[in-house]
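Working notes for the structure below.
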Amino acid sequence: MIITDNKKISTDYSYELYEAETMPFANKAISHFALTDSLLRYAGKYQKNILHFWPTSNLVILGMMDTKLPYFKDALEVIDRYAHPYIVRNSGGLAVVGDEGVLNFSLILPENLKQKMTISTGYEHMLQLINDSLKDYGKKSLAYEIKDSYCPGEYDLSIDGKKFAGISQRRLKNGVAIMIYISVTGNQFKRAEMIREFYQAGLKGETVKWQFPSVDPAVMATLEDLLGISLTVDGMKNLILRTLLKNNCTIIPGEYSSEIITDYNEGFEKMIHRNQQMLGTSIDKELIK
């Protein structure tokens with residue numbers, strides 16, 4: 001069943017579940033991005049609804065716009081000092097931080113071929129799912145831009161004015177990926193401080209035609225702190241899954257068909273080529289093996 005604009009995504013749908021733990025691929029950093037594109041094609045071709053969870057270890061995920069910083073290599077040295085590897089993702093936007101306290105989650109949906117899903121509808125689907133998953137804790141997240149956060153956007157999710165998540169979209173071959181990172185636990189101040197220093201080193205006070213954020217760590221927080229509870233990445237993932245199951249959704253393990261793996265291998269090579277082009281000699285060779 002295709003998800004429509006006027007029906008809750010958390011009610012009466014069937015989903016295929018793909019998780020980092022079940023991936024048959026050795027490379028965990030680039031693999032998630034290559035797999036997203038493969039699943040997008042699969043969702044669009046076969047009209048499937050997909051859940052894709054992928055937590056990471058320490059990793060700074062750069063947007064292609066970040067490579068336009070006038071002192072990009074100096075900016076990368078900041079990330080090196082924090083001992084975080086980095087890659088350039090295959091979509092727009094700006095830098096975000098991944099580590100064991102951050103949950104990355106994609107809701108990958110087929111588009112109705114007669115009526116394309118609007119961009120705002122895609123964002124609202126994710127906002128609704130996250131709020132449904134958190135409703136037992138007595139607080140509701142709001143979606144609006146938190147200007148001085150890293151990777152600010154119209155669909156930043158915040159509680160009490162502090163951002164804990166950001167949503168983006170990617171569209172390919174009649175599929176829509178609505179992607180969210182959720183800072184569940186850990187040191188959010190340090191994450192934001194690293195990205196603030198990254199932009200300071202990359203700009204050195206110069207004015208450029210691209211807009212980069214003046215990151216203020218005080219405007220960001222973890223979901224754990226904002227809710228005043230103990231919460232893990234696995235705990236947040238389970239909240240999302242339980243919300244879907246409680247509302248009569250069916251969730252089955254996704255299978256890595258030969259078609260998905262073929263598309264994945266093509267996407268993986270493209271990701272390596274992109275990072276070699278964008279990062280040059282600064283590339284972390286361990287991340288592209």
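Treat the numbers as computed from the prediction; the structure is a model and nothing was measured.
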(request) Name all pairs fulfilling the salt bridge (Lys or Arg N to Asp or Glu O under 4.0 Å) condition that reach into residues 33-55, sequence neighbours left out, sorted by first residue then second. (result) Glu16-Lys48, Asp37-Arg170, Lys45-Glu259
(request) Over all heavy atoms of both residues, which pair between Gln47 and Glu111 is shortest? Give the atoms and the distance, please. (result) OE1-O, 3.6 Å
(request) Taking all non-hydrogen atoms of both residues into account, name the closest pair between Met236 and Val184 and its distance. (result) CB-CG2, 4.0 Å
In terms of ring plane angle, is the pair [X] and [Y] parallel, tilted or perpendicular, where the classes change at 30° and 60°?
X	Y	value
Phe33	Trp54	perpendicular
Tyr13	Tyr15	perpendicular
His84	Tyr82	perpendicular

(request) Verify, without hydrogens or angle tests, whether Asn131 (side chain) and Gln128 (backbone) share a donor-acceptor contact under 3.5 angstrom. (result) no
(request) May I ask you to decide if Thr121's main-chain N or O and Thr118's side chain share a donor-acceptor pair within less than 3.5 Å? (result) yes
(message) Quick test of your reading: applying ring pair (Phe, Tyr, Trp, His ring centres under 6.0 Å), list the pairs with at least one residue in residues 179-236, sequence neighbours left out, ordered by first then second residue.
(response) Tyr199-Phe212
(message) Going by side chain to side chain contact (heavy atoms under 4.5 Å, CB included), name the residues that satisfy it together with Gln169, two or more places apart in sequence or in a different chain.
(response) Ile119, Tyr123, Arg171, Val176, Ile178
(message) Between the side chains of Asp225 and Lys162, is the shortest nitrogen-to-carboxylate-oxygen separation below 4.0 Å, so that they form an ion pair?
(response) no
(message) I'd like to know if Glu193 pairs up with Arg196 as an ion pair, taking the criterion as any Lys NZ or Arg NE/NH1/NH2 lying under 4.0 Å from an Asp or Glu carboxylate oxygen.
(response) yes
(message) Once rounded to the nearest 0.5 Å, what's the spacing between atom CD1 of Ile229 and atom CG of Leu231?
(response) 4.5 Å
(message) In the structure I gave you, are the side-chain heavy atoms of Ile50 and Tyr42 within less than 4.5 Å of one another anywhere?
(response) yes
